[in-house]
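First listed ligand is number 1; within each ligand, the first listed atom is number 1. These figures come from a predicted structure and were not determined experimentally.
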Amino acid sequence: MSPESSHHHERAGAAAGLLNEGAATVRTYCRLCEAGCGTVATVERGHLVRLRPDHDHTVTRGFACNKGLRALDLHRDPDRLRVPLRRDGDRFVPVPWDEAIEEIAARLRDVMSEHGPRAAGIYIGNPVAFNALGSAASGHFAGALGTDRVFSAATQDCSNKYAVAELLYGSPTANPIPDLRRTELLLVIGSNPRVSKSSFISVANPVVELRRIRDRGGRVVFVNPVDVEPDIGPTLQIRPDSDPYLLAAVLHEIHRTVGFSAGAAQGTVTGAAQVAAFVAPYSPDAVADVVGLPAEVIAQLARDFAAAESAAIHVSTGLNMGRQGALAYWLVQMLLLLTGNLDRPGGNYFPARGIGARFGPVDRTAASFHTTRWGDFRRAMGLLPAALLPEFIAAAEEPLRALVVVAGNPALSVGGGPQLTQSLRSLDLLVTIDLYRNATGELADFVLPATDQFERPDLNTFVQGIQVEPYLQWTPAVVEADAQQREEWRILGELLQAMGRTPLLDPATTTDALPLLFDRALAPRGLDVSALRAAGGVVPLHEDGAERSRERLGVDGPLECVPEALGSTLARGHALFEDLRAEEPGRFKLVTRRTRDALNSAMGNLPTKRPGDWPNPLWMNPQDATGLGLTPGKRVSVSNEWGALAAEVQFDPRLRPGVVAMTHGFGNAETAGMPVAQRRGGANVNVLTPRGPGAFDPVSCMSHITAIPVDVRAELDVAHRLSAGLPPADTKESP
Ligand SMILES: Nc1nc2c(c(=O)[nH]1)N[C@H]1C(S)=C(S)[C@@H](COP(=O)(O)OP(=O)(O)OC[C@H]3O[C@@H](n4cnc5c(=O)[nH]c(N)nc54)[C@H](O)[C@@H]3O)O[C@H]1N2
Ligand SMILES: Nc1nc2c(c(=O)[nH]1)N[C@H]1C(S)=C(S)[C@@H](COP(=O)(O)OP(=O)(O)OC[C@H]3O[C@@H](n4cnc5c(=O)[nH]c(N)nc54)[C@H](O)[C@@H]3O)O[C@H]1N2
Ligand code: SF4
Ligand SMILES: [Mo]
């Protein structure tokens, strides 16, 4: 595909004479995170040579982060996969595409004829979300194979939201966003927007948006064990994993003082009395110790929320990844609904979307849970809990024996460490489709090279329904792949064809896949792919405002607050409160944390400016560290019943005492396919993450990833204990 010369001229570049004869700029957009920043790529002689923010983008307006612009380095990384590889003992050898496809298809067929169709599965990684064709093809692949063994990064990320949105609003993708531009009071729970740009909201520069709220006299309050943005607003530094009880106490207090809003009485919701009954035990006094905040602070939050002209809530992974992400997210929706803040200007609302949300029949009964030998769970978006991957693989009946991983890295992103590695290695067939031979690829039988964001056309489907300023964006492929990389939909389609199954689109005859798949979905907007293209890629959508967004989305009728399927979640919430109350004091809680230059595990092979640094230190409050005789740079062992790792300590006074934090996605000591990442060191924090039955929230399959109890010791102490024949851990240090 030849890049189109466009009128989006490289202003600075042109002035500096950087645009040579034959160079062209192509308008595209970043597909590393939800912000979806517009970018402009400069192509010279078929090569992508520069990437800059798109200053003419009507929505993202020239914003792009350092990580997004480094997508250029990812694109050009000499260690990227360029040809298909097949395992040959301990080595990987190049294999022609045709042979790879034939052999994988034959082995898939063998596995499935021996163990049944459910012996094959797919793991859909996070980057698939930002890949319109790849998403459609990944979902289709499982269906065409006739397997329901579908895993995805979503059960490490957000499946609690899918579950609750489906049960309350009828679609897993109906998640109301905060009306940032008008709200008087915004709660930001479990997010670090400066570093991550958050998730389930699409806004290019969230820090500026939040600052604007403050500047126009509104308030932003963070709920986080870390004082994330002291200059923008105060943080209620709660104890990790206690979000549901903070929210319950706020609802309790609102109910006790001013009552639930008129909406409950007017029949826009049913079941408000059941909500009141659930929150009845959780007065601010009753939860104060568990939440780790004075009762008066909680009561004040309730008063502020109820009294605000408008109040909105944004929730991200810090809340999702606790033990009760679904309960907490449900309480967020109750707080919005029962204070009249859903669909109120300045509250939360369902923004305009270029492609409609998918509504289908939803089973809201208790019978919607699956009974398995590892406990009951309910599948959101058809997903199985990734926390059970090893269990499915080792199962005596209907084991999972073949797994295709598309743009994912479960070996590092899912709890398990060496045990999970062993388990993935034990599969009869493991295939990865990726930009790199990553930690999971290192265990695979076949590693297939995928095109990256610059080598495929795309449509911003995933962010529809979460954009603060809604728009559709189409991008062409900016350049052709420089070697044998292929798009995921082609690879999966070829595999299916080789197995005698029907591909989503025929790879042999399809040249222009996007219109075939998406023109129909765009039609209600009066658009199609060629119209987007003709418009220069970006088409803003008229925003109708927060009012009545429910009806516009198609969520009509009174909302049932407590569908039967949530019954067990509420009961579990009561039980886990007792657990938290009874918790032994003194153990540290390990929480999640992201870093500027990393994107999960995906950018680990890029050289860093500070090569000597330990890439993912254990962050500690200096008070805690000094109490253990630790200074910055000291090596510690972090351990719990699930595993142990070594890390370097760094100080962060913004952490609540007793809370420690680490970034995931590191620990590539065995990843020869990513030599830069391999040399960098760092530890896989997910060796400490719970796994197996009990390690996920049954109503959503969402893994328990944050607020993990751990013990921290100076590594020397551990060495001494081991040499004295003692276990590394039996006494608990107190934070
Ligand atoms: N402890 C802990 N664990 C976590 C988290 C945490 O905060 N703490 N966060 C969780 C979250 S939110 C997520 S989303 C998951 C992520 O979980 P995963 O999706 O399993 O892992 P990633 O590290 O994002 O790996 C993405 C892979 O896709 C590849 N890739 C990038 N672009 C493309 C592409 O266009 N095509 C193809 N085929 N491959 C591509 C990258 O090279 C990389 O190998 O991790 C979760 N795990
Ligand atoms: N630089 C960078 N950007 C990224 C990514 C990345 O890896 N690096 N990953 C992308 C992905 S896949 C995602 S999903 C988004 C995620 O975006 P965010 O959800 O904003 O993720 P984090 O930056 O990890 O922020 C999570 C916050 O939750 C807090 N937290 C931890 N435990 C708890 C708890 O129990 N309760 C509460 N209330 N808070 C808690 C942490 O202190 C942290 O500040 O970021 C995306 N953007
Ligand atoms: S904020 Fe996200 S979408 Fe924007 S440039 Fe950075 S990584 Fe890309
Ligand atoms: Mo994520």
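- Annotation: cation-pi geometry satisfied between R31 and Y29 (NZ/CZ under 6.0 angstrom from ring centroid, within 45° of ring axis).
- M620 has its side chain out of reach of Q650: every pair of non-hydrogen atoms, C-beta onward, lies at least 4.5 Å apart.
- Residues S198 and H314 bring a donor and an acceptor atom of their side chains to less than 3.5 Å of each other.
- Counting only protein atoms, the N, O or S atoms lying less than 2.8 Å from atom 6 (Fe) of ligand 3 are C65 SG, ordered by chain and residue number.
- Two residues are said to be in side-chain contact when any heavy atoms from C-beta on lie closer than 4.5 Å; R594 and T317 meet this criterion.
- Of all protein heavy atoms, the one closest to atom 3 (S) of ligand 3 is G36 N, 3.2 Å.
- Note on R437 versus E442: salt bridge recorded, some NZ/NE/NH1/NH2 to OD/OE distance being below 4.0 Å.
- Sorted by chain then number, the residues whose non-hydrogen atoms approach ligand 1 to under 4.0 Å are Y123, G125, N126, P127, A153, Q156, D157, M321, A407, G408, N409, P410, S413, I433, D434, L435, Y436, N438, A450, T451, R456, E488, T592, R594, N600, S601, A602, H664, V685, N686, I705.
- A donor-acceptor pair shorter than 3.5 Å can be found between the side chains of N66 and D597.
- At most 12 heavy atoms of other shown residues, nucleotides or ligands fall within 6.0 angstrom of atom CD in E670.
- Salt-bridge annotation for E455 and R82: absent, with no side-chain N of the basic residue lying under 4.0 Å from a carboxylate O of the acidic one.
- Qualifying side chain to side chain donor-acceptor pair (under 3.5 Å) partners for T475, counting only residues two or more places apart in sequence or in other chains: T28.
- Partners of S242 under the side chain to side chain donor-acceptor pair (under 3.5 Å) rule, at least two apart in sequence or in another chain, do not exist in this structure.
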